[in-house]
Amino acid sequence: MNKPKILVARSVFPETIARLEAHFEVESNQDDQSWSKAQLIQKLQGKQGAFTTGSERIDAEVLAACPELKICANMAVGYNNFDVDAMTARGVLATNAPDVLTETTADFGFALLMATARRITESEHFLRAGKWQKWSYDMFAGSDIHGATLGIIGMGRIGQGIARRGAHGFGMKVIYHNRSRLDAQLEAECKASYATKEELLKTADHVVLVVPYSAASHHTIGAAELALMKPTATLVNIARGGIVDDAALAAALRDKRIAAAGLDVFEGEPNVHPALLGVPNVVLTPHIASATIPTRRAMAELAADNLVGFLVDGKPVTPLNPAVLGGK
C-alpha cells in the first residue's frame with residue numbers, strides 16, 4: 001500500500017522527520033529555505049498533507065492549485081496563516097498546537113515585561129558601547145513590577161498564566177479585558193478583576209497583549225489607545241503582529257507618551273518597522289516566546305500527531321474546523 005505524501009515546509013527536529021517517515025512519503029525542507037507562494041504550490045503538488053509553521057500562507061489560491069491536499073498541521077498555536085473558511089469550503093482540515101506552549105510563552109511574556117520595565121536591553125547597549133563611566137542616581141531607572149497594576153488584554157490560557165505569575169509571584173494587582181468574562185473560579189485563581197478596555201488602558205502600569213489575530217483584533221492598540229495609557233506605562237505584545245499599530249507605537253515611544261514597550265511580534269514580520277529600530281525604549285525579540293527546546297519539540301510532535309491521526313487513523317488531535325471531519 002502506498003504511503004500518503006506530505007510536505008514539511010520548514011526545518012524541524014530530525015526525530016520528527018524520522019517519525020513522519022514511518023507513516024508517510026516525506027518531502028522536507030531541512031535547508032529551511034523560504035518559499036514564495038508559487039514555490040509552495042509547486043511543492044504541495046501530489047501531497048495529501050502539509051506540516052506548516054506561521055510563515056506558510058494557506059489561502060483559497062493555494063487550495064485551488066493543490067486539489068489533493070487534505071490537511072495542514074500548524075506547528076503553532078496561532079493560525080492566522082490559514083484561511084480557515086477557505087480550507088473548510090475545500091474540505092481541508094486545519095490543525096494547530098495549543099496547550100503545549102502555554103507555560104513557556106507565559107514565562108517569556110513575563111520576562112519581556114521585566115526587561116521592558118527595568119530597561120535591561122537599553123542599559124546593556126549602553127554598557128557594551130563603553131559609555132558606563134560612573135554611578136548616577138537615575139541611571140536607567142525604570143518602573144517596579146512588584147505591587148504594580150498589570151493589565152492583560154486577552155485572557156486565554158497564556159493570559160491566565162501571566163496573570164498568575166504577576167499576582168502570586170510579584171503581588172501585582174491584575175485587571176483584564178477579554179471578549180467574555182472568566183468564570184468566578186478562574187478569576188479567583190488568577191486574582192484578576194474584569195475591566196473595560198478603556199479602564200484597563202487608563203489604569204494599568206503594565207499592559208500585556210495576548211489576543212489572537214483576526215480582522216476584528218487588527219490594531220487593537222493604535223494611536224487612540226496609546227493616548228489613554230499613563231506616560232509611565234509599558235506595553236508588551238506577545239500576541240501577533242498586527243494587534244498593534246507599530247507605526248503609532250514607534251511615534252508614542254519617540255515622543256515619550258508611554259515609557260517603554262517590549263515586542264516579540266511585528267506587522268509584516270520578519271520585517272520590522274524602521275521607526276521601531278530607531279527608538280531606544282523598546283525591547284525587540286524575533287518571535288521567540290515559545291522557543292525552548294522541550295516546548296518546540298512538543299509543538300512539532302503535536303503537529304505530527306495531527307498528521308498521523310488524520311491521514312492514518314482518521315482522528316486528528318486538535319482540529320480547528322471539525323466540520324470537515326463529518327461523521328469521523
Side-chain angles (χ1 to χ4, degrees), residues 105-153 159 161-176 191-192 195 199-210 221-223 225-239 243-266 272-286 288-289:
T105 303
D107 282 350
F108 185 87
F110 215 87
L112 190 55
L113 166 60
M114 296 186 74
T116 301
R118 296 302 304 270
R119 304 176 67 181
I120 288 175
T121 58
E122 189 180 355
S123 61
E124 183 189 3
H125 294 158
F126 177 85
L127 183 150
R128 287 179 181 275
K131 296 179 181 179
W132 185 29
Q133 303 298 324
K134 61 180 181 179
W135 179 89
S136 173
Y137 76 94
D138 61 350
M139 184 172 65
F140 296 106
S143 54
D144 280 329
I145 300 293
H146 70 274
T149 298
L150 171 63
I152 301 171
I153 298 180
I162 291 170
R164 289 193 302 271
R165 284 159 176 76
H168 296 283
F170 290 82
M172 301 181 83
K173 176 184 177 182
V174 179
I175 57 178
Y176 75 95
K191 293 188 176 182
E199 289 170 340
L200 184 150
L201 291 170
K202 287 181 176 180
T203 304
D205 298 305
H206 307 288
V207 176
V208 180
L209 305 174
V210 208
I221 301 295
E225 290 76 19
L226 291 163
L228 295 174
M229 294 174 64
K230 298 176 181 180
T232 54
T234 69
L235 176 72
V236 169
N237 185 12
I238 58 167
I243 299 295
V244 175
D245 181 340
D246 286 353
L249 175 59
L253 291 167
R254 181 194 64 217
D255 298 340
K256 304 294 177 65
R257 293 198 296 273
I258 66 170
L263 306 174
D264 187 50
V265 290
F266 307 89
V272 177
H273 195 289
L276 286 171
L277 300 174
V279 290
N281 49 338
V282 60
V283 181
L284 306 171
T285 55
I288 57 170

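Positions are given from 1 along the sequence.
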Mark yes when over 12 heavy atoms from residues, nucleotides or ligands other than Lys173 sit less than 6.0 Å from its NZ; otherwise mark no. no
Salt bridge (charged side-chain N to carboxylate O under 4.0 Å, His left out) filter on Glu124, not counting sequence neighbours, yields Arg128
Given Thr285, Leu112, Leu276, Val283, the one that forms side-chain contact (heavy atoms from CB on, under 4.5 Å) with Leu263: Leu276
Quick one: closest heavy-atom pair of Ala233 and Ala204, and the distance? CB-O, 3.9 Å
Closest heavy-atom contact between Tyr176 and Ala192? CD2-CB, 3.8 Å
Ile288 side chain reached by Asp264 side chain, heavy atoms, under 4.5 Å: yes
Which pair of heavy atoms, one from Lys191 and one from His168, lies closest together, and at what distance? CE-CE1, 3.7 Å
Steps toward side-chain contact (heavy atoms from CB on, under 4.5 Å) verdict (Val244, Leu226): CA-CA 10 Å; Val244 175; Leu226 291 163; 5.8 Å; no
Main-chain N/O of Ile120 paired to Ser123 side chain as donor or acceptor, under 3.5 Å: yes
If a pair satisfies salt bridge (Lys or Arg N to Asp or Glu O under 4.0 Å) and one of its residues is in residues 114-123, list it, with sequence neighbours excluded. Arg119-Glu122
Looking at residues at least two apart in the chain, or sitting in another chain, which of them share a side-chain hydrogen bond (donor to acceptor under 3.5 Å, both in side chains) with Asp245? none
Within the structure provided, determine whether Arg165 and Asp107 are in side-chain contact (heavy-atom separation under 4.5 Å). yes
According to salt bridge (Lys or Arg N to Asp or Glu O under 4.0 Å), does anything in residues 247-258 pair up with another residue at least two apart or in another chain? List the pairs. Asp255-Arg257
Under the criterion side-chain contact (heavy atoms from CB on, under 4.5 Å), which of Ile145, Ile162, Thr149 is the partner of Met172? Ile145
Result of checking Asp246, Leu249, Leu201 against Ile221 for side-chain contact (heavy atoms from CB on, under 4.5 Å): Leu201
Closest non-hydrogen atoms of Gly222 and Ala248, given as atom of the first, atom of the second and distance, are C-CB, 4.3 Å
Please identify which of these residues, Thr234, Thr232, Leu235, meets the side-chain contact (heavy atoms from CB on, under 4.5 Å) condition with Ile258. Leu235
Looking only at non-hydrogen atoms, find the nearest pair between Leu253 and Ala261 and report the distance. CD2-N, 3.7 Å
Test ring pair (Phe, Tyr, Trp, His ring centres under 6.0 Å) applied to Phe110 - qualifying residues, sequence neighbours left out: Phe170
side-chain hydrogen bond (donor to acceptor under 3.5 Å, both in side chains) contacts touching residues 138-148 (sequence neighbours left out): Ser136-Asp138
Ala195 and Ile175 have their tightest heavy-atom pair at CB-CB, 4.4 Å
